Each structure stands twice: as C-alpha cells, then as structure tokens.
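Remarks on the structure that follows.
Just so it is clear, the model here is predicted, and its values are computed rather than measured.
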Amino acid sequence: MNRFIAKLEEMGALLRIREFVDPVLEIAEVTDRMSKQPGGGKALLFENTGTPFPVLTNMMGSKERIAAALGVAQLDQIPRRIEEWTSLFTQTPQGWRDKIKLLPQLNEAASWTPQNKKGPGACQEVIYLQPDLNLLPILQCWPKDGGRYITLPLVHTRDPERGKRNVGMYRMQVFGKDRTGMHWHKHKTGARHFAACKEARFPVAVCLGGDPVYSFCAAAPLPDGMDEYLLAGFLRNKAVSLVPCLSIDLSVPEDCDFVLEGYIEAKEERVMEGPFGDHTGFYSLPDLYPLFHLNCLTHKKGAVYPATLVGIPPQEDAYISEAVEKIFLTPFKISVAPEIIDFHLPVAGVSHNIVVVKITKTYAGQAIKIAHALWGAGQMMLNKMAVVVDGEVDIRDYKALLHAILQHYRPLHDTFFSRGPLDVLDHAAPKCGFGGKICIDATQKFPEEALQIPDAFRPDRVFSFVHHPQAKTNALIQVVLDAAVDLNDFFRCIWIMGNHADPIRDMKLEDGALHIDARSKQPGDKGVFRPWPDMVCASEETIKAVDAKWESLCLGPFIPSPSLICQTVHQ
C-alpha cells in the first residue's frame, strides 16, 4: 500500500490532507466531492484521523489509477494478454515439438500460483490478542447508516467440503470493539461456504490494504472455484506470498496492512445489519446477517487503512467496473456466447441494473438467446435490463447507441420480459432478490423477425422523461419520474429509472411505446410490500462542517457538495 501511495504521488494523482478530518461522515463528504470531479479527481490520504493510522480513499477512482493498481500503463494491455494466453491454451498441440514449445508458458503460468510461507509476515509485525476495532479509523459514510462500516475488506473463507479458498468483499458493520456484521448475500461464495460448515465455529480472516490488486480481485466476478490470488498472480506476473494466521487455520497475504482474525458461530442467531448508503445511491434496507467475532488483530508497521465510498454514482466503483468490462470480456465470450463482441455496464446502471451488449448476429432470435445466456451467467444473473445491438455500434458512444435503438427497436415487437434472481440491493424488486427482467432487441431484423404488419408508429426519439403518466410524447420509451427530478439531467433520469422500476410491475407496452413508471413507491402502491429507501446524501451539518474547513484541507478550488442536488429532490 505504501508503495502504491508513492506511485500515486509520482503520478501527481494523490493529495495529502494534514488537517483533522473526522472518519465519521466528514471523510466521506470530502471524498464524495473529489470523486465526482471530471476523470475521478485524485486519491486522498487523510493523515490526521484521530487514530494512529491514515486513511486512503478514492485510490482506484480514475482510469489511470485503476491501471496503476493493476500494474499496467493502459487497461487494454491486460485483455490483450488474456487473449494471447487463451489462444495459446485452446490450440491442440499437434506433436511433441508443439508440446515442448508450450513448456516456457506452462512454467510462467505455474509461477502465478500462490505460495505458502512458514512463519510470520509483515502483516503481523504488531499483534493485539485482545483487539479493539476502535483503534482503526473506520468510516461512517452517510448520516442514516446503521453505524461505522469496513468498506474495503478482503474476506477469506474456505469451503469446508472441497477445501478451496475464496476471497470476497462484503461490507462489515461495526457492533462493538470485537464484533461486526458479515454482509454476504445468499448467492455469494462466502455465504455458501458458511452454510456448508458443520463445525461449531466457522473461521474467517479479513485483510485490509496490501497490494491494491487484491481488492480488485476480491471484487471481480470470477468463475466459481477460481482462486482470487491466482488472478492476482497473473495480473502481477508474480505469485502472491501467503502466511498462516495466528489464531485460525487460514492464510493471508503477508504484505497486507491489517488482518482481522475471527469466526462466526454456526448456530448463533443472525443480527440486524444496516441500513447502509449503498452503490445504488439509495440506502439498502436492514436485514439479518451473521455476526463476526474478532479474536486477533495484527498490522504492519506504518499501516494505512484503505476505504472506499459508495453512493450516488459516479464513484470509485465506476472505474473498477470499467476494468472488469475490459478484463473479463474474453473469458465471458468463451464461457457464455462467442458471438458477443463487447458488453458495457453504464455507470448510471450501477453495475447490475443495465447492460448493453453488441453481437455478431447471424440468425433470428439471437438477441433473445443472448439475454437468456447473460441472465444465466455468474453475477450477470442479477442484471435487470439488457439492451442488445449489432456489431457496428459503438456502445460507449451514447449518441450512436440511441441512434441504433431508434432505428431498430419497436417496443411492441422487440421487447421481451422474463423473471429471475436480482441483486438483494434492488429495492424495486417485488420480493427481495427476485423480480422482473427486460430485453430490448435493437438489432437489425432478419426476415423471420420482420414486422408482419406495417408499423404506424414513427418515434422521433428514444427517451422521453415526464412527470405525469398521462403525458403524450412521440418517444420509444416514456419514463415517468417524481416531480422533483430534473428532466433535463439525462444521467440522473436513467439512474433513477434503473433503480425505481421493476420490468414486470412497472413497465407496459401501449400505443407503440414502452411506458416505465420510475416514480418512488410506498408499501401498498401497485403491489409494493417492502419499504422504499431514501436517496443517499450528506446532512446539512456535515456539508457545513466541510465547507468551513475546505481552505485548510489544501484541496484546491472549492467544490460544493454533490448532496445539495439530492436535498433539493427530497424537498
């Protein structure tokens, strides 16, 4: 972590803040202002936190910083390398000469395998056998959060049946000096490992910091059973060195800044965790999750506490998602559908609400096939809205994308609904983790797919955002939003649409158009049974406190709080 901080300083991508900034609400507010600057702003090192440790935020919050975290100058270098290796190992050797030629590559691949060391590592230079989490500058990010949360943990578990390690990223709400929640959703690997545990105590090790590539790998949508530290070894072209924990039978990277060793009681009652201002931009609702007990805390000398902030996009996670798009495209094509040319997760879609896919189309119905393939593939099963276009469309040029939709999508003919698993954080889902899905087929149509009756509807644009459901427009997709939403803010309208609408309950085909009700709802409205969460924004008190100390933070020209817009919407 300290080497990465030095690298960021060398790049001119880090700002040190020597003035005291409170880990409760203030660090998050400063980070929110910086992370929403063009290009992601800069990484922030808060050196005065009221604890022995500095806090690093927004460390991967730009294209340049995420590339540096993964050890490359440009992210495109990684997918090219993956394609080379994929091509190499998918070819069948024709004879002994071909097999011999593979030996150097096989030796290189073997060098990525995590290596277990005996004895202590740097992460165990300082040991607390009676640990107290109050020693750490753990953040509370938003005013309605249930408390302070560890937001960038590397949670290590082991499959009790197969012995395979998993490293996941699950937020941890602090409940006391040695207790936290463990927010792993039911479809996550860590939760599955715990469910298979037949012992009284399930060991868990949580690392913080270390090589930033670990955080990326923990958050990445890896195939089930693939070791995150094997991916880290590939990205670094060097094996991760692991050392045994002191109190439990798990191993962790020796260069991590902090290690929290502990366990979950298999038969202990779950605890109410949350709310939490989440990456959707809304508070995730309180729910029951396991309780993590801390029995040993270690750290290296000169440790730095890493944290990430999530909330209304864009935030740091947008740049991590962009890296995921690039790095996992080739494996995704091989494992899901070879006709996929590219896919894109728009920032406004908060990773899982919206995906745009471009394909090489060769037969009728292929867009529908792709949508179903996506909804059955790993973490993509949580996607709610899929848009499929032809191969010549630049899916990251939104004008070109909208033009393709305008040309080739007719709602009554090219809209397909389904149901399936959704992210637990999707508050619009009629039931937690389960709801509607929609596929918009904006590909050019084959004769078998052509409209049988001439289409009398002649739209002049793709989207029309309105405040009244009775409004008449000439758009393909008409979206009804709350009265306080600025209809001229395209990004915010798409973001709210993705969060507030369930395809089955809130979308209908009428007068040739797709009508979407993306207004806030309350229990009892249209079959809504769950509470509707608040939008995430800072309190007036926190905004004023940061405004007052802004000049002393030495962050450059004053940046107003992004939460001011949210407060206007609430009013």
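Counting non-hydrogen atoms of neighbouring residues, nucleotides and ligands closer than 6.0 angstrom, the CD atom of E199 reaches no more than 12 such neighbours. By the 6.0 Å contact criterion, CD on E9 is enclosed, its count of non-hydrogen atoms from other residues, nucleotides or ligands being greater than 12. Atom CZ of R419 is surrounded by 12 or fewer heavy atoms from other residues, nucleotides or ligands within 6.0 Å. Within a 6.0 Å radius of CG in D249, other residues, nucleotides and ligands contribute 12 heavy atoms or fewer. Counting heavy atoms of neighbouring residues, nucleotides and ligands inside a 6.0 Å radius, atom NZ of K63 does not exceed 12 of them. Annotation for K333: atom NZ counts as buried by contact number, over 12 foreign heavy atoms lying within 6.0 Å.
Judged purely by atom type and a 3.5 angstrom limit, N2 uses its side chain to pair as donor or acceptor with the backbone of G302. Remark: side-chain polar atoms of K358 are paired, donor with acceptor, to backbone N or O of V393 under 3.5 angstrom. Without hydrogens or angle criteria, W142 side chain to V310 main chain gives a donor-acceptor distance under 3.5 Å. Side-chain N or O atoms of Q366 include one that pairs as donor or acceptor with a backbone N or O of T362 at under 3.5 Å. Under a 3.5 Å cut-off, the side chain of Q37 and the backbone N or O of M34 do not form any donor-acceptor pair. No donor-acceptor pair under 3.5 Å is formed between the side chain of D178 and the backbone N or O of P131. In terms of modelled atom types and a separation under 3.5 Å, the side chain of E339 and the main chain of I359 share no donor-acceptor contact. A distance-only check finds no donor-acceptor pair linking the side chain of D257 to the backbone of G209 [under 3.5 Å]. A distance-only check finds a donor-acceptor pair linking the side chain of Q173 to the backbone of G274 [under 3.5 Å]. Judged by distance alone, the side chain of R530 and the main-chain N or O of A429 form a donor-acceptor pair under 3.5 Å.
Between E322 and R396, the closest side-chain pair of non-hydrogen atoms is not below 4.5 Å. With contacts defined as side-chain heavy-atom distances shorter than 4.5 Å, the pair K384/P503 qualifies. At a threshold of 4.5 Å between non-hydrogen side-chain atoms, the residues M1 and F258 do not count as touching. Contact check for Y319 versus R65: no side-chain heavy atoms found under the 4.5 Å cut-off. Considering only heavy atoms from C-beta on, I5 comes within 4.5 Å of L14 through its side chain. The shortest distance between side-chain heavy atoms of V252 and C123 falls below 4.5 Å. Considering only heavy atoms from C-beta on, L285 stays 4.5 Å or farther from D287 through its side chain. R201 has its side chain out of reach of H293: every pair of non-hydrogen atoms, C-beta onward, lies at least 4.5 Å apart.
Atom CG of residue D502 and atom CG of residue D426 lie 7.5 Å apart, to the nearest 0.5 angstrom. Taking CG from N499 and CD1 from I494, the interatomic distance works out to 11.5 Å, rounded to the nearest 0.5 Å. Atom CG in L139 sits 5.5 Å away from atom CD1 in I27 (nearest 0.5 Å). The structure places CG of L329 at 13.5 Å from CD1 of I78, a figure rounded to the nearest 0.5 Å. The structure places CZ of F328 at 11.5 Å from CE of M380, a figure rounded to the nearest 0.5 Å. One distance of note links NZ of K326 with CG of D76; it measures 4.0 Å at 0.5 Å rounding.
Residues H156 and Y229 bring their aromatic ring centres within 6.0 Å. Under the 6.0 Å cut-off for aromatic ring centres, Y289 and Y170 do not qualify, their centroids lying 6.0 Å or more apart. Within the 6.0 Å centre-distance limit, the rings of F282 and W495 are counted as a close aromatic pair.
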Are E261 and N295 close enough, and set up right, to give a side chain to side chain contact (heavy atoms under 4.5 Å, CB included), and what steps lead you there?
CA-CA 6 Å; E261 302 179 13; N295 55 24; 3.9 Å; yes
Evaluate side chain to side chain contact (heavy atoms under 4.5 Å, CB included) for L374 paired with F343, printing each intermediate quantity in order.
CA-CA 11 Å; L374 289 172; F343 70 92; 5.9 Å; no
Test log, rule side chain to side chain contact (heavy atoms under 4.5 Å, CB included), inputs H372 and F416
CA-CA 10 Å; H372 286 294; F416 304 92; over 6 Å; no
Worked check of side chain to side chain contact (heavy atoms under 4.5 Å, CB included) between I327 and L70:
CA-CA 11 Å; I327 292 172; L70 301 183; 3.6 Å; yes
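Between P253 and C207, the closest heavy-atom pair is CD-SG, 4.1 Å. Looking at every heavy atom in both residues, S215 comes nearest to M60 through CB-CE, 4.0 Å. Summarising the geometry of E228 relative to V167, their closest heavy-atom pair is OE1-N, 3.1 Å, with the distance given to 0.1 Å. Considering all non-hydrogen atoms of both residues, G277 and Y283 come closest at N-CD2, 3.4 Å. Considering all non-hydrogen atoms of both residues, A442 and D390 come closest at O-OD2, 4.3 Å. Here the closest heavy-atom approach between residue S251 and residue P244 is recorded as OG-CA, 4.0 Å.
Residues E161 and K198 are paired through a salt bridge, judged by an N-O separation under 4.0 Å between the basic side chain and the carboxylate. Taking the charged nitrogens against the carboxylate oxygens, R171 and E273 do have a contact shorter than 4.0 Å, which makes a salt bridge. The residues D227 and K164 are annotated as not salt-bridged, no charged nitrogen and carboxylate oxygen being separated by less than 4.0 angstrom.
A donor-acceptor pair shorter than 3.5 Å cannot be found between the side chains of H299 and Y305. A donor atom on one side chain and an acceptor atom on the other are found under 3.5 Å apart for E254 and S241. In summary, the side chains of D32 and Q315 do present a donor paired with an acceptor at a separation below 3.5 Å, with no hydrogens or angles considered.
Relative orientation of the F202 and F194 rings is tilted, given thresholds of 30° and 60° on the angle between their planes. Between H427 and H500, the angle of the ring planes goes over 60°, which puts this pair in the perpendicular group of the 30/60° scheme. Between F276 and Y149, the ring-plane angle classifies as tilted under the 30° and 60° cut-offs.
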